[in-house]
Every structure is written in C-alpha cells, then in structure tokens.
Trainee: 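Input: one structure, supplied below.
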Amino acid sequence: PSCIVAFEKLVVLDVSNCGSLEYLPKGLGRLSNLEVLLGFKPAMPVECGGCRIAELKSLSRLRRLDLRLTHGDEIGNDEVDALVNLQELQFLTLNFFDCHDDDLFLKINRLLPPRQLHELSFKFYPGKVSPEWLNPKSLPMLRYLSIVSGSLAKLNDSFWGLGNMVWRIEGLKFEALSDLNEEWSMMHQAMPSLKILNVSWCPELESFPIEDAGFRGGVWKKEEQRS
C-alpha cells in the first residue's frame with residue numbers, strides 16, 4: 001500500500017514472504033529511519049508507481065538489505081551506484097530466484113556494494129563467473145561469504161586479489177553449486193583468516209577438506225594453534 005511511505009519512524013520492513021506483492025510504492029526513500037529492509041524488489045520502468053532501486057540511496061541508516069532481482073530493467077544504467085554509498089550497510093543478500101535475464105548479470109557486475117560490508121550472501125546467482133567487484137580490495141571488511149544455488153562455475157580472476165592482498169573472510173559457504181570448480185589450495189591461500197568452511201552439493205570441489213562435498217557435505221574448522 002502507498003501509505004507505507006508515511007511511516008517515517010519505521011525501522012524494519014520485511015516483505016520477503018509477500019509473494020503477490022509486485023513492488024513497493026514510490027517514495028520509500030523518505031523512510032530515513034529504516035535500518036532493515038528485507039525482500040525489496042525494485043520496480044520495472046513500466047511500473048510508474050513503484051519504488052526504483054535508486055531510492056535506496058536515501059536510506060542512510062540501512063544496516064541490512066535483502067535485495068531480490070529478476071530482470072536487468074530493474075537496475076537502470078544510472079542506478080548501478082545505488083548501494084555503494086550506504087555507509088551503515090553491513091549485511092547484504094542478493095537473491096536472483098526465478099531470474100531468466102542475461103542482461104541482469106551485466107548489471108550485477110556494476111552494482112557495487114559499500115566497502116565496509118561485513119556479510120554477503122548470493123542466492124541463485126545467474127552468472128557463470130563471479131562479479132568483478134567480489135575481491136578483497138573492493139570489500140576489505142568482509143568476514144562472511146555465502147553462495148547458494150545458481151550457475152557459478154568459476155571465480156573471477158579479481159577474486160584472488162593482487163600481490164599480498166588477501167581476504168579477511170572468516171566464514172565461507174558454498175552450497176548446491178554443481179558447476180563450481182576451484183582448488184582448495186588457492187582458496188586457503190587467499191583466505192588465511194578462514195575459520196569455518198561449509199560445503200555441500202558441490203561435486204567439483206573435490207580438493208576441499210570436506211568429506212562427501214558433492215552430496216550432503218559438511219563443515220571444516222580451522223584448528224586453533226596451541227601455545
């Protein structure tokens with residue numbers, strides 16, 4: 001309902017289970033106190049009364065965002081900077097369930113998240129290669145990365161960093177990625193701070209220290225160094 005944009009003191013808005021909701025109303029950017037926004041689906045250009053992704057720029061207090069994307073038109077060429085300046089944002093989920101638009105992958109590659117992000121989750125990622133911005137230079141504060149389901153087969157060359165630059169990630173999860181093929185030795189070298197690894201239903205990750213990674217998988221935990 002359009003009246004929701006009048007709730008100026010609203011702190012949490014969760015529409016993640018509203019399957020029949022096509023879009024949120026234009027003017028959502030006026031909810032300047034919003035800290036948690038879950039299930040946000042940007043309006044298409046033809047949906048004139050809907051909230052575009054650009055309005056998120058005004059939500060300066062946003063700490064957690066669950067973004068649902070299915071079409072490239074949901075992100076305009078002049079809207080790819082919608083997230084990068086959200087200085088309080090720490091937890092970001094990008095959900096691409098039911099995406100069948102090749103153009104969306106190109107937009108994702110330009111949709112830069114803020115540098116201070118702590119946790120990042122991908123669900124049903126549609127690309128074969130990870131976004132170029134998924135690298136330790138662009139996300140130096142990232143502590144947890146989760147990629148569940150989708151078409152991912154390789155991690156972008158930028159993922160491995162340059163020179164002595166490494167990830168500060170402590171928790172990593174790969175699930176239901178039948179085509180993902182990477183070596184544990186490279187991953188371990190790129191993530192020296194990794195403490196816990198969760199892998200399941202990833203048959204090509206045979207080198208990872210997880211028994212039965214192609215099926216139910218399991219959890220690897222870094223052994224603490226004893227003094």
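Throughout, residue positions are numbered sequentially from 1 according to the sequence presented.
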Trainee: Look at the side-chain heavy atoms of Ile, Leu, Val, Met, Phe, Trp and Tyr, link any pair under 4.5 Å apart, and say whether Val12 and Phe7 land in one connected group.
Mentor: no
Trainee: Of all the heavy-atom pairs spanning Phe174 and Met187, show the shortest one and how long it is.
Mentor: CE1-CE, 3.9 Å
Trainee: Grouping I, L, V, M, F, W and Y whenever their side-chain heavy atoms are under 4.5 Å apart, do Val80 and Leu94 come out in a common cluster?
Mentor: yes
Trainee: What is the distance from atom CG of Leu111 to atom CG of Leu92, rounded to the nearest 0.5 Å?
Mentor: 8.0 Å
Trainee: Within a strict 4.5 Å, meaning less than it, do heavy atoms of the Leu177 and Cys202 side chains meet?
Mentor: yes
Trainee: Considering residues, nucleotides and ligands other than Gln87, do more than 12 of their heavy atoms fall under 6.0 Å from its CD?
Mentor: yes
Trainee: For Gln116, look at atom CD and say whether over 12 heavy atoms of other residues, nucleotides or ligands are found less than 6.0 Å away.
Mentor: yes
Trainee: Could you give me the CA-CA distance, side-chain angles and deciding distance for Ile210 and Leu205, then say whether side-chain contact (heavy atoms from CB on, under 4.5 Å) is met?
Mentor: CA-CA 9 Å; Ile210 301 287; Leu205 299 184; over 6 Å; no
Trainee: Should Pro209 and Leu197 count as side-chain neighbours, where that means a heavy-atom distance under 4.5 Å?
Mentor: yes
Trainee: Consider only side-chain heavy atoms of I, L, V, M, F, W and Y, link residues closer than 4.5 Å, and tell whether Leu112 and Tyr125 are in one cluster.
Mentor: yes
Trainee: Are Tyr144 and Met191 connected in the hydrophobic side-chain network, where two residues link if heavy atoms are under 4.5 Å apart?
Mentor: no
Trainee: Looking only at atom types and distance, does a side-chain atom of Glu206 sit under 3.5 Å from a main-chain N or O of Ala213, one as donor and one as acceptor?
Mentor: no
Trainee: Are side-chain N/O atoms of Asp14 and Ser16 paired as donor and acceptor at under 3.5 Å?
Mentor: yes
Trainee: When rounded to the nearest 0.5 angstrom, what is the spacing between OG in Ser60 and CD in Glu35?
Mentor: 10.0 Å
Trainee: Go through the steps to decide whether Leu65 and Leu59 satisfy the test side-chain contact (heavy atoms from CB on, under 4.5 Å), and finish with yes or no.
Mentor: CA-CA 11 Å; Leu65 173 63; Leu59 303 180; over 6 Å; no
Trainee: Taking all atoms of both residues into account, what is the closest heavy-atom pair of Leu28 and Cys51, and its distance?
Mentor: CB-SG, 3.6 Å
Trainee: Within the side chain of Arg68, is there an N or O that forms a donor-acceptor pair under 3.5 Å with the backbone of Asp66?
Mentor: no
Trainee: Given 3.5 Å as the limit, does a donor-acceptor pair link the side chain of Trp167 with the main chain of Gly161, or not?
Mentor: no
Trainee: Are the side chains of Phe40 and Val15 in touch, meaning some heavy atoms are under 4.5 Å apart?
Mentor: no
Trainee: So, are Glu88 and Arg61 salt-bridged, with charged N and O less than 4.0 Å apart?
Mentor: no
Trainee: What residue among Val36, Val5, Leu34, Asn33 forms side chain to side chain contact (heavy atoms under 4.5 Å, CB included) with Leu10?
Mentor: Leu34
Trainee: Describe, in one word, how the ring planes of Phe96 and Phe122 are oriented to each other, choosing from parallel (under 30°), tilted (30 to 60°) and perpendicular (over 60°).
Mentor: parallel
Trainee: Do NZ/NE/NH1/NH2 and the carboxylate oxygens of Lys57 and Asp81 come within less than 4.0 Å?
Mentor: yes
Trainee: If you compare all heavy atoms of Glu204 against all heavy atoms of Ser178, which two are closest, and at what distance to 0.1 Å?
Mentor: CG-O, 3.5 Å
Trainee: How about Leu37 and Leu56: do any of their side-chain heavy atoms sit closer than 4.5 Å?
Mentor: yes
Trainee: Side-chain donor-acceptor pair under 3.5 Å between Glu132 and Ser158, yes or no?
Mentor: no
Trainee: Is Asp179 atom CG crowded by more than 12 heavy atoms from other residues, nucleotides or ligands, each under 6.0 Å away?
Mentor: yes
Trainee: Closest approach of Leu24 and Leu13, non-hydrogen atoms and distance?
Mentor: CD1-CD2, 4.2 Å
Trainee: Between NZ of Lys173 and CD1 of Ile196, what distance do you get to the nearest 0.5 Å?
Mentor: 10.5 Å
Trainee: Check whether Ser193 reaches the backbone of Arg168 with its side chain - one donor and one acceptor, N or O, closer than 3.5 Å.
Mentor: no
Trainee: Is the shortest side-chain heavy-atom distance between Ser149 and Phe97 below 4.5 Å?
Mentor: no
Trainee: About how many Å separate CZ of Arg143 and NZ of Lys195, when rounded to the nearest 0.5 Å?
Mentor: 9.5 Å
Trainee: Say you draw a straight line from OG of Ser151 to CG of Leu180; how long is it, rounded to the nearest 0.5 Å?
Mentor: 11.5 Å
Trainee: Can you find a heavy atom in the side chain of Leu69 that is under 4.5 Å from one in the side chain of Cys99?
Mentor: no
Trainee: Would the distance check show the side chain of Arg110 and the main-chain N or O of Glu79 forming a donor-acceptor pair, the cut-off being under 3.5 Å?
Mentor: no
Trainee: Determine the interplanar angle of the Trp184 and His188 rings, folded into 0 to 90°, and report it as parallel if under 30°, tilted if 30 to 60°, perpendicular if over 60°.
Mentor: parallel
Trainee: Distance from Trp133 atom CH2 to Leu139 atom CG, nearest 0.5 Å?
Mentor: 6.5 Å
Trainee: Check Phe105 against Val129 and note the closest heavy-atom contact, atom names and distance.
Mentor: CE1-O, 3.3 Å
Trainee: Quick check: does any side chain N or O of Glu55 sit under 3.5 Å from a backbone N or O of Gly27, one acting as donor and the other as acceptor?
Mentor: yes
Trainee: At their closest point, which heavy atom of Ile75 faces which heavy atom of Lys107, and how far apart are they?
Mentor: O-NZ, 2.6 Å
Trainee: Evaluate Gln90 against Glu119 for side-chain contact (heavy atoms from CB on, under 4.5 Å), listing each step before the verdict.
Mentor: CA-CA 6 Å; Gln90 295 187 358; Glu119 296 189 10; over 6 Å; no
Trainee: Side-chain contact, heavy-atom cut-off 4.5 Å: Leu162 with Lys137?
Mentor: no
Trainee: Do you reckon Met165 sits in the same ILVMFWY cluster as Leu145, going by side-chain contacts under 4.5 Å, direct or chained?
Mentor: no
Trainee: So Lys41 and Thr70, side-chain contact (heavy atoms from CB on, under 4.5 Å) or not? Walk me through it.
Mentor: CA-CA 9 Å; Lys41 191 178 189 317; Thr70 56; 3.1 Å; yes
Trainee: Does a side-chain N-to-carboxylate-O contact under 4.0 Å join Lys154 and Glu182?
Mentor: yes
Trainee: With a 4.5 Å cut-off on side-chain heavy atoms, are Tyr23 and Arg52 touching?
Mentor: no
